Colleague: 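Before I ask anything, here is the structure I am working with.
In this chain, numbering begins with 1 at the start of the sequence shown. Quick caveat, the model's predicted, so the values are computed rather than measured.
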Amino acid sequence: RYTFIKVRDTKKLKNVYFLVNRVEFFFGKRGMKMIHTNEEMQQIQKRFIDLEIKSFAREVIEFIDDSPSAYHAVKNSSDILEENGFQRLNPREEWKLKKGGQYFVKQSNSAIIAFTVGKDVDLSRGFKIFGSHTDSPCFRIKPNPEMITENIIRLNTEVYGGPILSTWFDRPLSIAGRVILRTNDPFFPRTVAIKFDEPLMTIPNLAIHQNRDVNNGVKIDRQKDVLPVIGLMNETFEKDNFLLNYIFDKINLKKEDVLDFDLYVYNTEKGCLLGANEEFISAPRIDNLVSVYAGLLGLVESEHNQKQINVFVAFDNEEIGSATKQGADSNYLIHTLERIVLGLGYTRENFLRMLSGSFMLSADAAHAAHPAHMNKTDPTSRGRINEGISVKISARQKYTSDGFSTSVIKQIIDGTDIKIQPFVNESNELGGSTIGPISSTHLEIDGIDVGIPMLAMHSARELCGVSDVYFLKELDRK
């Protein structure tokens, strides 16, 4: 009966509902049922909103599936930005920026900053910043990785971040990352993101007959137990450069041009909507590609406030402490912000004054209350899936949220359908930190840490709610 139209801008929904109403009225004269009551209209509106939420959730899943490494997340982000009229900046060149412009700059091909400049910039409003990170726990492939036991070929790996190791066993796995290519300038070699879509490997469990205590909890050896099997020896097998030779055979690269690689193991299983009413997203790397995509789309879709500068940043290496040149514990963001001000023709004094009017929203994953382990969550302030974005609070300042910054967000969402909820770790649980407090050691600005409530954080496959993801994107638009 109804034609459902994909509409991102919620302000357009009123026009869409009006059109549906007019269509129903028109065809009602020809014998079809008319819409007579507000209740019927509200039901139609609810269906439209549900359709939009789930449509956005599917976009998020597609972005995650296409981004098996931080390099791919940044490449896909830059593609979206360029498609929407953003101009890429070269960090080695002078920036001459224009009011009303849209720009982005990448760092190490695994971190990215994008920003929009209002046509009537009021410096006292400062920067409005959305922060996230591109990396997720996984395994990094070591140099000379080939290891042979009997006739089985495995790859030597190193654990990256803090994955739940047991969840990586017996899954179809593959390889993604980047290869570094020779150029005429040895200080600036070229990088190419690569990924193999087909399952190449798996990490096989030891059979229960040989490990009777497996269901009682078994310590996993990070060097011995989690090396993926990639193949079997045969009469043509060459151990030296086995992996690189495989890459050369599959990808159009000259062997003599490849200098090195940064390659990672990833879970090839696709994300999906899950649940009786498709209320969940089940996918790898929800932490933190959900925030990356929501923040990116929020910037692209925002009705640019012509009096301020909006900034999106996706750092790398949050899962290992952020202390890298492309991480939050670097000067990458503050230097970029200063270059924006200078590129617009203002001074360093202007920049320093702008910081006092700036605000940062740091978006990372948050824990949802696990129904089987309620003792692990706070008794009064715990995350509930699809009940809103978690505002993360910590007396130890593991998160930047405080009464002031939370009040800012409450006023921003006033009169909207966006929901938030407080989250505090159970007092005996330390919890983790994130990019918000790390960034604040470089930028003395007000900020808040938020996150999507989720289950199975750092598993090879995680779970969150479709509505919360939509709320995060809508909050960034505001």
Colleague: Spell out, as yes or no, whether a donor-acceptor pair under 3.5 Å connects the side chain of Arg477 to the backbone of Lys473.
Modeller: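 Side chain of Arg477 to backbone of Lys473: no pair is present.
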
Colleague: Is the terminal nitrogen or CZ of Lys250 (NZ for Lys, CZ for Arg) located under 6.0 angstrom from the six-membered ring centre of Phe196 and within 45° of that ring's axis?
Modeller: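 Pair Lys250/Phe196 does not count as cation-pi.
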
Colleague: Quick one: does any side-chain atom of Ser330 pair with a main-chain N or O of Gln326 as donor and acceptor, under 3.5 Å?
Modeller: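 Answer holds: no.
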
Colleague: To the nearest 0.5 Å, what is the distance between CG on Asp417 and OH on Tyr470?
Modeller: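 Separation between the atoms: 9.0 Å.
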
Colleague: How about CG on Asn216, more than 12 heavy atoms from neighbouring residues, nucleotides or ligands closer than 6.0 Å, or not?
Modeller: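 Correct, the count exceeds 12.
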
Colleague: Using a 6.0 Å cut-off, check whether atom CZ of Arg125 has over 12 heavy atoms from anything other than its own residue.
Modeller: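 Counting other residues, nucleotides and ligands, CZ of Arg125 exceeds 12 neighbours.
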
Colleague: I'd like to check the ring-ring contact (aromatic ring centres under 6.0 Å, His included) partners of Phe63; sequence neighbours left out, ordered by chain and number.
Modeller: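 Expected list: Tyr293.
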
Colleague: Check for a donor-acceptor pair, side chain of Thr336 on one end and backbone N or O of Tyr332 on the other, with a separation under 3.5 Å.
Modeller: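 The answer is yes, because a donor-acceptor pair under 3.5 Å joins these two groups.
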
Colleague: Locate the shortest heavy-atom distance separating Phe312 from Ser132; write the atom from each residue and the value.
Modeller: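 Here Phe312 and Ser132 meet closest at CE1-OG, 3.8 Å.
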
Colleague: Got a second to check how far Ile385's CD1 is from Ile452's CD1, nearest 0.5 Å?
Modeller: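 Reported value, rounded in 0.5 Å steps: 10.5 Å.
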
Colleague: Do Met457 and Ile164 pass the side chain to side chain contact (heavy atoms under 4.5 Å, CB included) test, and can you show the C-alpha distance, the side-chain angles, and the key distance before you say yes or no?
Modeller: CA-CA 8 Å; Met457 188 186 296; Ile164 303 176; over 6 Å; no

Colleague: Between Ser282 and Arg461, do the side chains contain an N or O donor and an N or O acceptor separated by less than 3.5 Å?
Modeller: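 Distance-only check passes for Ser282 and Arg461.
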
Colleague: Report yes or no: does Asp468 contribute a side-chain atom to a donor-acceptor pair with the main-chain N or O of Pro453 at less than 3.5 Å?
Modeller: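 No, because the side chain of Asp468 does not come within donor-acceptor range (under 3.5 Å) of the backbone of Pro453.
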
Colleague: Does the side chain of Asn317 come under 3.5 Å of the side chain of Glu319 through a donor N or O and an acceptor N or O?
Modeller: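 There is no such pair (donor and acceptor under 3.5 Å, judged by atom type) between the side chains of Asn317 and Glu319.
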
Colleague: Counting neighbours of NZ on Lys376 that are heavy atoms of other residues, nucleotides or ligands and sit closer than 6.0 Å, is the number greater than 12?
Modeller: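 Result for NZ/Lys376: open.
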
Colleague: Is there a side-chain contact between Val192 and Leu181 in this structure, where contact means two heavy atoms from C-beta onward sitting under 4.5 Å apart?
Modeller: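 With C-beta onward as the side chain, the pair touches.
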
Colleague: Would you give the length of the straight line joining atom OG1 of Thr202 to atom CH2 of Trp168, rounded to the nearest 0.5 angstrom?
Modeller: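 Here the interatomic distance stands at 11.0 Å.
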
Colleague: Side chains of Gln102 and Val300, heavy atoms from C-beta outward: is any pair under 4.5 Å?
Modeller: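 No, too far: nothing below the 4.5 Å cut-off.
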
Colleague: Applying salt bridge (charged side-chain N to carboxylate O under 4.0 Å, His left out), run through Asp50 and Lys54 and close with a yes or a no.
Modeller: CA-CA 6 Å; Asp50 183 64; Lys54 290 177 181 176; 3.3 Å; yes

Colleague: For Lys75, does the NZ atom sit with more than 12 other heavy atoms under 6.0 Å from it, leaving out its own atoms?
Modeller: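 Incorrect, the count does not exceed 12.
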
Colleague: For the residue pair Tyr160 and Tyr264, categorise the inter-ring angle as parallel (less than 30°), tilted (30 to 60°) or perpendicular (more than 60°).
Modeller: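 Perpendicular, since the angle between the ring planes exceeds 60°.
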
Colleague: With distance as the sole criterion, is a donor-acceptor pair present between the side chains of Asp79 and Ser77 under 3.5 Å?
Modeller: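 Per modelled atom types, Asp79 and Ser77 side chains form no pair under 3.5 Å.
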
Colleague: Quick one: CZ on Arg178 to OG on Ser69, what's the gap to the nearest 0.5 Å?
Modeller: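 Here the interatomic distance stands at 9.5 Å.
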
Colleague: Can you check side chain to side chain donor-acceptor pair (under 3.5 Å) on Asp221 and Gln223, steps first, answer last?
Modeller: CA-CA 6 Å; Asp221 188 306; Gln223 179 59 66; over 6 Å; no

Colleague: Between Asp378 and Thr380, is there a donor-acceptor pair closer than 3.5 Å when you use the side chain of the first and the backbone of the second?
Modeller: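 Yes, the answer is positive, given that a donor and an acceptor are paired below the 3.5 Å cut-off.
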
Colleague: With distance as the sole test, does Ser67 use its side chain to make a donor-acceptor pair with the main-chain N or O of Ile64 at under 3.5 Å?
Modeller: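 Absent.
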
Colleague: Which atoms form the tightest heavy-atom contact between Pro91 and Val105, and what is the distance?
Modeller: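 Result for this residue pair: CD-CG2, 4.0 Å.
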
Colleague: Consider only side-chain N and O atoms of Glu426 and Asn428, and report whether a donor and an acceptor are under 3.5 Å apart.
Modeller: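 There is such a pair (donor and acceptor under 3.5 Å, judged by atom type) between the side chains of Glu426 and Asn428.
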
Colleague: How far does CD1 of Ile448 sit from NZ of Lys392, to the nearest 0.5 angstrom?
Modeller: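 Between atom CD1 of Ile448 and atom NZ of Lys392 there are 11.0 Å.
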
Colleague: For Asp364, does its backbone N or O pair with a side-chain atom of Thr434 as donor and acceptor, under 3.5 Å?
Modeller: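 Between the backbone of Asp364 and the side chain of Thr434 there is no qualifying donor-acceptor contact (under 3.5 Å).
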
Colleague: Please confirm whether the backbone N or O of Phe404 pairs with a side-chain atom of Asp402, one donor and one acceptor, at under 3.5 Å?
Modeller: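 Between the backbone of Phe404 and the side chain of Asp402 there is a qualifying donor-acceptor contact (under 3.5 Å).
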
Colleague: Counting only heavy atoms from other residues, nucleotides and ligands, does the tally under 6.0 Å from CD of Glu62 exceed 12?
Modeller: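 Incorrect, the count does not exceed 12.
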
Colleague: Could you state the interatomic distance from NZ (Lys106) to CG (Leu89), rounded to the nearest 0.5 Å?
Modeller: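 If I round to the nearest 0.5 Å, the distance is 12.0 Å.
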
Colleague: Is Ile194 close to Leu263 at the side-chain level, that is, under 4.5 Å between some pair of heavy atoms?
Modeller: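 Contact flag for Leu263/Ile194 side chains = yes.
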
Colleague: Are the side chains of Ile393 and Tyr399 in touch, meaning some heavy atoms are under 4.5 Å apart?
Modeller: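 With C-beta onward as the side chain, the pair stays apart.
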
Colleague: Determine whether Phe127 and Leu333 make a side-chain contact, defined as any pair of heavy atoms from C-beta on separated by less than 4.5 Å.
Modeller: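 Result no, sub-4.5 Å side-chain heavy-atom pair not found.
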
Colleague: Looking at side-chain heavy atoms only, is the closest gap between Leu355 and Leu443 below 4.5 Å?
Modeller: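 Counting from C-beta outward, Leu355 and Leu443 do come under 4.5 Å.
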
Colleague: Could you go through Asp262 and Arg140, starting from their C-alpha distance and side-chain angles, then the distance that decides it, and tell me whether this counts as salt bridge (charged side-chain N to carboxylate O under 4.0 Å, His left out)?
Modeller: CA-CA 8 Å; Asp262 295 305; Arg140 176 174 174 149; 2.7 Å; yes

Colleague: Go through it in stages, so that I can follow the logic: the residues are Asp197 and Lys195, the test is salt bridge (charged side-chain N to carboxylate O under 4.0 Å, His left out), and I'd like the CA-CA distance, side-chain angles, deciding distance and then a yes or no.
Modeller: CA-CA 6 Å; Asp197 295 322; Lys195 68 183 178 81; 2.5 Å; yes

Colleague: Would Arg88 and Glu82 count as a salt bridge (charged side-chain N to carboxylate O under 4.0 Å, His left out) here? Give the steps.
Modeller: CA-CA 8 Å; Arg88 182 176 179 180; Glu82 288 180 336; 5.7 Å; no

Colleague: Are any of the side-chain heavy atoms of Lys478 and Thr416 separated by less than 4.5 Å?
Modeller: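 The answer is yes; the side chains approach within 4.5 Å.
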
Colleague: Please lay out, stage by stage, how Tyr266 and Ser174 fare under the test side chain to side chain contact (heavy atoms under 4.5 Å, CB included).
Modeller: CA-CA 5 Å; Tyr266 80 95; Ser174 199; 3.6 Å; yes

Colleague: Tell me whether Asp316 contacts the main-chain N or O of His133 through its side chain, where contact means a donor paired with an acceptor under 3.5 Å.
Modeller: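 No, because the side chain of Asp316 does not come within donor-acceptor range (under 3.5 Å) of the backbone of His133.
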
Colleague: Which pairs with one or both residues in residues 439-451 pass side-chain hydrogen bond (donor to acceptor under 3.5 Å, both in side chains), sequence neighbours excluded?
Modeller: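 Output for this query lists Asp329-His442, Asn331-His442, Ser362-Asp449, Thr400-Asp449.
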
Colleague: Indicate yes or no for a side-chain donor-acceptor contact from Gln421 to the backbone of Gly383 under 3.5 Å, with no hydrogens or angles considered.
Modeller: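 Side chain of Gln421 to backbone of Gly383: no pair is present.
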
Colleague: Would you name the heavy atoms of Ile435 and Ser322 that are closest together and state the gap between them?
Modeller: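 For Ile435 versus Ser322, the nearest heavy atoms are CG2-OG, 4.4 Å.
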
Colleague: Please give me the minimum heavy-atom distance between Ile208 and Val214, naming the atom from each residue.
Modeller: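 Between these two residues, the closest heavy atoms are CG1-CG1, 3.7 Å.
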
Colleague: So Glu318 and Asp135, side chain to side chain contact (heavy atoms under 4.5 Å, CB included) or not? Walk me through it.
Modeller: CA-CA 7 Å; Glu318 188 274 344; Asp135 61 320; 3.8 Å; yes

Colleague: With side chains defined as the heavy atoms from C-beta onward, is the minimum distance between Val313 and Phe130 less than 4.5 Å?
Modeller: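 Val313 does not reach Phe130 side chain to side chain.
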
Colleague: Determine the minimum heavy-atom distance between Val466 and Ile281, stating which atoms define it.
Modeller: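 Smallest interatomic distance, heavy atoms only, reads CG1-CG1, 3.8 Å.
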
Colleague: With no hydrogens and no angle check, do the side chains of Asp66 and Asn76 hold a donor and an acceptor under 3.5 Å apart?
Modeller: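 There is no such pair between these side chains.
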
Colleague: What's the shortest heavy-atom distance between Asn425 and Phe423, and which atoms?
Modeller: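 Where Asn425 meets Phe423 most closely, the heavy atoms are OD1-CZ, 3.4 Å.
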
Colleague: Do Phe104 and Phe86 have their ring centres less than 6.0 Å from each other?
Modeller: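 Not under 6.0 Å, so no.
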
